[in-house]
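Remarks on the structure that follows.
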Protein chains: 2
Amino acid sequence: MKDVAARAGVGLKTVSRVVNGEPGVTPETERRVQEAIDALGFRRNDSARVLRKGRTASIGLVLEDLADPFYGPLSRSVEEVARAHGALLINGSSAEDPEREQELVLALCARRVDGLVVIPAGDDHRYLEPELKAGVATVFVDRPAGHIDADVVLSDNYGGARGGVAHLIAHGHRRIGFIGDMPRIHTAAERLRGYRAAMEDAGIPVAGSWMSLGVTDPERVRRAAEDMLTGPDPVTAIFAGNNRVTVTVIRVLAEQARRVALVGFDDIELADLLQPGVTVVAQDAADIGRTAAERLFRQLDGTLVNPERIELPTRLITRGSGEFPPAD
Amino acid sequence: MKDVAARAGVGLKTVSRVVNGEPGVTPETERRVQEAIDALGFRRNDSARVLRKGRTASIGLVLEDLADPFYGPLSRSVEEVARAHGALLINGSSAEDPEREQELVLALCARRVDGLVVIPAGDDHRYLEPELKAGVATVFVDRPAGHIDADVVLSDNYGGARGGVAHLIAHGHRRIGFIGDMPRIHTAAERLRGYRAAMEDAGIPVAGSWMSLGVTDPERVRRAAEDMLTGPDPVTAIFAGNNRVTVTVIRVLAEQARRVALVGFDDIELADLLQPGVTVVAQDAADIGRTAAERLFRQLDGTLVNPERIELPTRLITRGSGEFPPAD
DNA sequence: CCCGAGCCTGACAACGTTGTCCAGGCTCTA
DNA sequence: TAGAGCCTGGACAACGTTGTCAGGCTCGGG
């Protein structure tokens with residue numbers, strides 16, 4: 001900028017004015033400055049600008065895994081909102097590791113992002129207290145924050161799972177299996193709770209062998225599914241606690257002789273093209289992301305003050321696999 | 001930092017030393033400083049640090065659409081490499097709009113990212129010349145840069161498509177359709193070239209009605225597919241130019257009475273579970289991302305100087321849909 | 001002709017950090 | 001005991017920008 005000023009034969013501040021489109025510059029002077037800018041290939045250094053102004057016009061997004069198809073659309077909709085507010089998006093994956101989450105979040109705070117959208121991996125977020133006090137807007141997504149009072153946007157995991165399981169019960173099933181992630185993960189716990197509630201509503205006692213928790217890698221999901229299909233009290237339907245589980249269960253069911261019903265939590269691509277189509281409890285990732293991001297920017301506006309918990313509804317999409325009667 | 005120094009009763013520079021783990025501080029002093037830091041909830045302001053040091057420890061990634069399943073793994077692997085080098089990832093979607101691409105890239109440059117990974121939307125990148133001269137490391141991915149000399153990492157689109165079409169020909173097909181994106185997009189053009197080459201290799205003249213270019217939205221892909229299936233010279237096989245086309249073509253073929261063979265470019269999830277399984281020419285998005293990011297950091301090391309074009313091989317995965325004989 | 005208002009313009013400080021350099025106190029050795 | 005050398009700690013400038021403020025110029029009216 002100094003160089004531009006020198007070349008144009010004007011003061012520093014005048015260049016600054018031109019760069020920022022501020023008023024109070026003669027067209028003639030502006031032309032000279034613009035010329036110098038072009039000649040030197042000058043571009044404003046936003047780091048210095050940030051340092052001076054205090055706002056970075058960027059927000060951080062910490063999620064579990066960018067490669068997961070659930071987070072792609074979510075990330076995209078957050079970006080879209082950020083863009084509408086002239087902000088850039090910095091994101092990182094925690095890989096479901098609380099320590100890595102904290103490391104990422106603090107790195108983002110050191111960059112002085114204006115706000116944070118966090119899909120929590122850990123369950124204690126007190127480390128964020130100083131940041132919140134310092135005015136970093138924060139919205140948690142998909143799972144609530146631990147031990148701090150903050151905005152959170154999530155799906156109705158409990159209601160969705162309960163509805164999905166009730167759907168199976170309505171089609172005559174009583175022996176229904178549940179395969180889900182570790183209950184220390186909030187979504188997994190809520191979905192399990194929904195499963196239990198639906199079973200209880202129908203007066204069906206749940207056998208321990210019907211539930212498989214903390215199972216996530218394909219090999220173990222496969223074993224879990226096979227076990228509950230061939231065990232002493234074999235299930236006639238399975239409720240899959242997330243999209244990765246659903247995919248593996250589909251593979252297992254395809255190999256079975258008898259027809260086993262399936263409802264999965266989270267939609268999966270091409271679910272309608274499979275034989276049978278896969279019935280799912282779908283959450284709208286894009287909507288979740290948009291809602292969270294909009295709330296974030298309202299915090300930044302100062303429009304918002306009190307942390308709130310926003311639960312978005314899920315939608316049962318019937319495609320065939322959840323509508324088989326039990327085949328005992 | 002000033003406050004911390006005051007509270008600990010030491011000089012500014014001493015606090016800086018503690019924060020950065022530099023040597024030359026008594027354990028006792030260090031303890032006092034650390035205490036003050038904790039008490040005040042101090043966190044270093046990276047903007048100021050960047051301003052001083054010149055390096056931001058962050059890289060920018062500009063892609064087409066984060067929600068596209070091809071870019072999730074790519075983005076993730078770039079992030080992984082960045083993380084290994086202690087850098088954060090800032091990313092944005094161009095939505096295939098050259099103007100938006102440029103806007104994003106320049107915004108990232110203004111942030112003084114150390115490097116850029118760009119999946120180009122436009123075909124003229126001369127606007128990047130001043131940045132390159134200023135030392136911003138840059139790697140293009142998936143498509144080459146326009147009018148500038150820069151590193152590029154991409155799949156062997158030509159060879160992959162040629163191989164895929166040859167596979168269909170080997171199974172007896174002669175009337176093979178091609179549905180792809182606008183040829184102004186490099187990948188689309190290359191794949192079309194591969195299709196033509198394979199047909200020519202086999203001495204098969206291509207009818208104009210077998211090719212549909214610049215078609216991307218599902219409704220038009222559907223019409224294009226139906227047209228070439230029912231036209232005067234109906235095809236017995238279709239080569240789909242990208243994953244979105246493939247998905248729509250699968251839907252159309254599912255409705256057909258006769259069996260039509262299909263090979264798609266890009267793998268799609270659950271392709272093996274469909275009936276029939278979908279034969280594809282797969283590219284390894286994660287590998288592409290990793291290769292590009294590693295090259296970027298080698299540019300930053302100074303290890304690398306001459307721009308290079310790196311072409312990664314594709315892999316034909318046979319699952320059934322590409323192995324039908326022609327059904328005339 | 002003088003004065004005040006209004007418009008451009010530029011000098012300067014400040015944002016928070018780090019590199020450079022120097023001072024003061026200590027230890028060790030001859 | 002004196003001198004050399006090391007270790008710790010601090011003062012200061014600089015990074016590139018923007019907010020503040022004041023100076024100089026022009027123009028119109030009295």
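Residue numbering restarts at 1 for every chain, and letters A, B, ... go by the order of the sequence lines.
- Defined by atom type and a distance below 3.5 Å, a donor-acceptor pair is missing between the side-chain atoms of B/H125 and B/Q102.
- Classification of A/D301 and A/R298 as a salt-bridged pair fails, no side-chain N sitting under 4.0 Å from a carboxylate O.
- Between B/R32 and B/E28 a salt bridge is recorded (basic side-chain N to carboxylate O distance below 4.0 Å).
- Ion pair A/E80/A/R76 flagged as a salt bridge, since at least one NZ, NE, NH1 or NH2 atom sits closer than 4.0 Å to an Asp/Glu carboxylate oxygen.
- Nearest nucleotide to the side chain of B/T14, out of C/dT9, D/dG10, D/dT17: D/dG10.
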Could you pull out all donor-acceptor pairs under 3.5 Å where a side-chain atom in residues 104-111 of chain B meets a protein atom, sequence neighbours excluded?
{"from": "B/R111", "atom 1": "NH1", "to": "A/T56", "atom 2": "O", "distance (Å)": "3.2"}
{"from": "B/R111", "atom 1": "NH2", "to": "A/T56", "atom 2": "O", "distance (Å)": "3.0"}
{"from": "B/R111", "atom 1": "NH2", "to": "A/A57", "atom 2": "O", "distance (Å)": "3.2"}

At a cut-off of 3.5 Å, list every protein nitrogen or oxygen paired with a nitrogen or oxygen from nucleotides 18-20 of chain D, distance to 0.1 Å.
{"from": "D/dT18", "atom 1": "OP1", "to": "A/N20", "atom 2": "OD1", "distance (Å)": "3.3"}
{"from": "D/dT18", "atom 1": "OP1", "to": "A/N20", "atom 2": "ND2", "distance (Å)": "3.1"}
{"from": "D/dT18", "atom 1": "OP1", "to": "A/R49", "atom 2": "NE", "distance (Å)": "3.0"}
{"from": "D/dT18", "atom 1": "OP2", "to": "A/S16", "atom 2": "OG", "distance (Å)": "2.7"}
{"from": "D/dT18", "atom 1": "OP2", "to": "A/N20", "atom 2": "ND2", "distance (Å)": "3.1"}
{"from": "D/dT18", "atom 1": "O2", "to": "A/R52", "atom 2": "NH1", "distance (Å)": "2.0"}
{"from": "D/dG19", "atom 1": "OP1", "to": "A/K53", "atom 2": "NZ", "distance (Å)": "3.4"}
{"from": "D/dG19", "atom 1": "N7", "to": "A/K13", "atom 2": "NZ", "distance (Å)": "2.9"}

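- Between B/E129 and B/K133 no salt bridge is recorded (no basic side-chain N to carboxylate O distance below 4.0 Å).
- With C/dT17, D/dG16, D/dT17 as the candidates, the nucleotide lying closest to the side chain of B/A48 is C/dT17.
- Side-chain atoms of A/E79 and B/S93 include a donor-acceptor pair closer than 3.5 Å.
- Residue B/V50 is out of contact with every strand shown, counting any heavy-atom pair closer than 4.0 Å.
- Within residues 24-34 of chain A, no residue approaches DNA chain D, by heavy-atom distance under 4.0 Å.
- To the nearest angstrom, P of C/dG16 lies 7 Å from CG of A/L51.
- In terms of modelled atom types and a separation under 3.5 Å, the side chain of A/E308 and the main chain of A/D151 share no donor-acceptor contact.
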